[in-house]
There are 2 protein chains.
Amino acid sequence: MTKKRIAILGSTGSIGTQAIEVIEANPDRFEVEILTANNNVDLLIAQARQVQPNMVVIANEQHYETLCEALENEPIKVYAGAEAIAQVVQVSTVDIVLTAMVGYSGLIPTIKAIEAGKHIALANKETLVVAGDIISKLAREKNVNIYPVDSEHSAIFQCLCGEMQNPMEKIYLTCSGGPFRGMSLEQLEKVTRDDALRHPNWDMGAKITIDSATLMNKGFEVIEAKWLFDLTPEQIDIIVHPQSIVHSIAQFEDGSMKAQMGLPDMKLPIIYAFSYPERLKTDFPRFNFLDYPTLTFEQPNLEVFRNAALAYQAMRKGGNLACTLNAANEVVVDAFLKEKISFLGMSDVIEKVMGKMDFIAAPTLNDYVETDKKARQLTCELI
Amino acid sequence: MTKKRIAILGSTGSIGTQAIEVIEANPDRFEVEILTANNNVDLLIAQARQVQPNMVVIANEQHYETLCEALENEPIKVYAGAEAIAQVVQVSTVDIVLTAMVGYSGLIPTIKAIEAGKHIALANKETLVVAGDIISKLAREKNVNIYPVDSEHSAIFQCLCGEMQNPMEKIYLTCSGGPFRGMSLEQLEKVTRDDALRHPNWDMGAKITIDSATLMNKGFEVIEAKWLFDLTPEQIDIIVHPQSIVHSIAQFEDGSMKAQMGLPDMKLPIIYAFSYPERLKTDFPRFNFLDYPTLTFEQPNLEVFRNAALAYQAMRKGGNLACTLNAANEVVVDAFLKEKISFLGMSDVIEKVMGKMDFIAAPTLNDYVETDKKARQLTCELI
């Protein structure tokens, strides 16, 4: 059995570190070929020493020297810069590229990896939000599989296994509802950065935690699902499920629904993306119905959580609007984390930016790059 | 596209009539080749006139003349008797045999159909309960598919689609709990035939309605699952789910669980058994989470509902014990419907019969036939 060789882009984040755990637990099946990180050079050094990849890249070039020195006695090639990341994903020794960086930065390396024929384990949803049309077209051309690592999309992907000839009628993406579920606009006016960073169900990075609190994360997932599964906006529903046990549901044209469920654990979608279509034995904790005797479902309030409604609007209109949405969101979330904008102010600014930017119906990659840049500038000005 | 030609054994029952509806709604995909019924000659005549099968058989030979006269101007061959049913399933024009008769009577025709290489849409769970080892071995030898029509087993079968290379770790068969869910032994002492026949969630035949009230139906399903999916008793759990929306759950070795769900509607497993692996568009009512905001799950009480425990015991011991269990159950249910035995008395008698019958570790088909006969006699004597 040949081992699958994996490039982990964003190895020091939550998904990246869990991917390393999964790979180390299955040394006969997987090995780490490349690790990349943005800024956390200390953890990158520790990971490189531990897993002995062929190459490491630090995006922030300021850390290049530190990295080189630390690894000078290891048989590991060391690079720095965004350009280097886009290059290393193309090397012939990589089978799967796990894109686990934060935000827009995942776009170019993902495109380069697909162009080089690498299968993608996609944990960077912004890639599809920004340029889903280009990515999905390119993946089809290059016969590349995109294995979703988001738990919701992995759930749908698992439910679709063996059903490729059977069109889906609709999907339900489940949503914990975030820490502010059930709050009114008046209540949301007063929530702080610290309130938002306390996610009830699990630990993630700061950006995705805020996106979960605003439901922008779910809005992005709706757009991601459109591209991954070739659905219309009307076929994608969000359903709030606070226990986070049912990870999502696919409904077929006969009316039958398949749900994938279990304890929330990102390691499961990660290992499934690596081992698909096979399932590997794991020792992850098992779900027990007696611990969750009641599973509840409710409609999300998109008048209160306006970011999800803005995402539906961007998806319906298409073109470069979701790219604008994403760029504006990255800037306002950063500002919110620095306490320069209020919780509800984030939606206001995003909506304004979406209204003011030029609309491009059929953007090129360059149009997306330009849209991203301009939308960020405009958002900064509006904050 | 060639049409699948279907023999419906038990066409006048609940499953049989729904199968005809499904076939008539998809005339370009399916056609009825054979209809058989036990006693309900009037409905069989009406069905034959409506769907124009090639052959009809009435098991009870007393109705043969009536049937012949009624259909004398139709181009339909008419037969009578159990032997005729076992013969017609073998004709070359049949692709799929739907076994929807009640109880033990399904066994011989199912075996004959498998021997003739027909795929089986299995709605007669007693067939697998009585002689699962013979049936499953024969189906493997003849390369025959057994498509489960029980909603629970269809659910597991749907979840297994595309996962054939991935062993299941365990399954949860869901159970409405029946009309007496939550009752104590003291309360069950007083329940009547009429109480038992009021099933809360849907209409079925009288025998299966009593089996649902006693949980014997679920016990049979556990044994059926063992044979259909090659599982050990320890891998099969019953979970009570009163809303009957989640139809069952498969758990794989990675810990991931897949559930099939939807509104309870037997037409879905029927059409899936006919169209597998394809799914056909249907107009069956769709499930809506907002109508079922809460799904609950609880452990069954096998000390109160002893029939399910007796089924586990029969499954663990193997041999002819499940055949004994089924024979005794058919007799006591008949007696209960005639108000000759109490609700709890049924389990007492079954347990006694299981204790008194000779155990045969590796029975032949003839041993099963003998076991069935003797167990029925013994049960009659004990009542």
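Numbered from 1 within each chain, the chains take letters A, B, ... in sequence-line order.
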Trainee: For chain A, which residues from residues 292-301 of chain B have at least one heavy atom closer than 4.5 Å to it?
Mentor: B/Tyr292, B/Pro293, B/Thr294, B/Leu295, B/Thr296, B/Phe297, B/Glu298, B/Gln299

Trainee: Quick check: are there more than 12 heavy atoms from other residues, nucleotides or ligands sitting under 6.0 Å from CG of B/Asp291?
Mentor: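 For B/Asp291, atom CG is crowded (more than 12 foreign heavy atoms under 6.0 Å).
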
Trainee: Look at A/Ile271, A/Asp254, A/Thr282 and state which one has the largest set of heavy-atom pairs under 4.5 Å with chain B.
Mentor: A/Asp254

Trainee: Is it the case that A/Gln260 and B/Ser256 place a side-chain donor and acceptor less than 3.5 Å from each other?
Mentor: yes

Trainee: Of the backbone (N, CA, C, O) and the side chain (C-beta and beyond), which part of A/Phe287 lies under 4.5 Å from a heavy atom of chain B, both, or neither?
Mentor: both

Trainee: Any chance you could lay out the side chain to side chain contact (heavy atoms under 4.5 Å, CB included) test for A/Phe289 and B/Ile249, step after step, and finish with the verdict?
Mentor: CA-CA 11 Å; A/Phe289 278 105; B/Ile249 302 111; 3.5 Å; yes

Trainee: Does atom CG (A/Asp230) have a neighbourhood of more than 12 heavy atoms from anything else shown, all under 6.0 Å?
Mentor: no

Trainee: Taking side chain to side chain contact (heavy atoms under 4.5 Å, CB included) as the definition, give me every residue that meets it alongside A/Lys125, ordered by chain and number, with sequence neighbours left out.
Mentor: A/Asp150, A/Ile208, A/Asn217, A/Phe220, A/Glu221, A/Glu224

Trainee: Among residues at least two apart in sequence or on other chains, which ones pass side chain to side chain contact (heavy atoms under 4.5 Å, CB included) with A/Gln251?
Mentor: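 Partners of A/Gln251 by the side chain to side chain contact (heavy atoms under 4.5 Å, CB included) criterion, ordered by chain and then number, come out as A/Glu169, A/Lys170, A/Tyr172, A/Met257, B/Arg286.
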
Trainee: Please round to the nearest 0.5 Å and tell me the distance separating atom CD of B/Glu253 and atom NZ of A/Lys281.
Mentor: 4.5 Å

Trainee: May I ask you to list the residues in residues 155-168 of chain A that approach chain B closer than 4.5 angstrom, counting heavy atoms only, ordered by number?
Mentor: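 A/Gln158, A/Cys159, A/Cys161, A/Gly162, A/Glu163, A/Gln165, A/Asn166, listed by number.
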
Trainee: Has B/Glu303 got more than 12 heavy atoms of other residues, nucleotides or ligands less than 6.0 Å from its CD?
Mentor: no

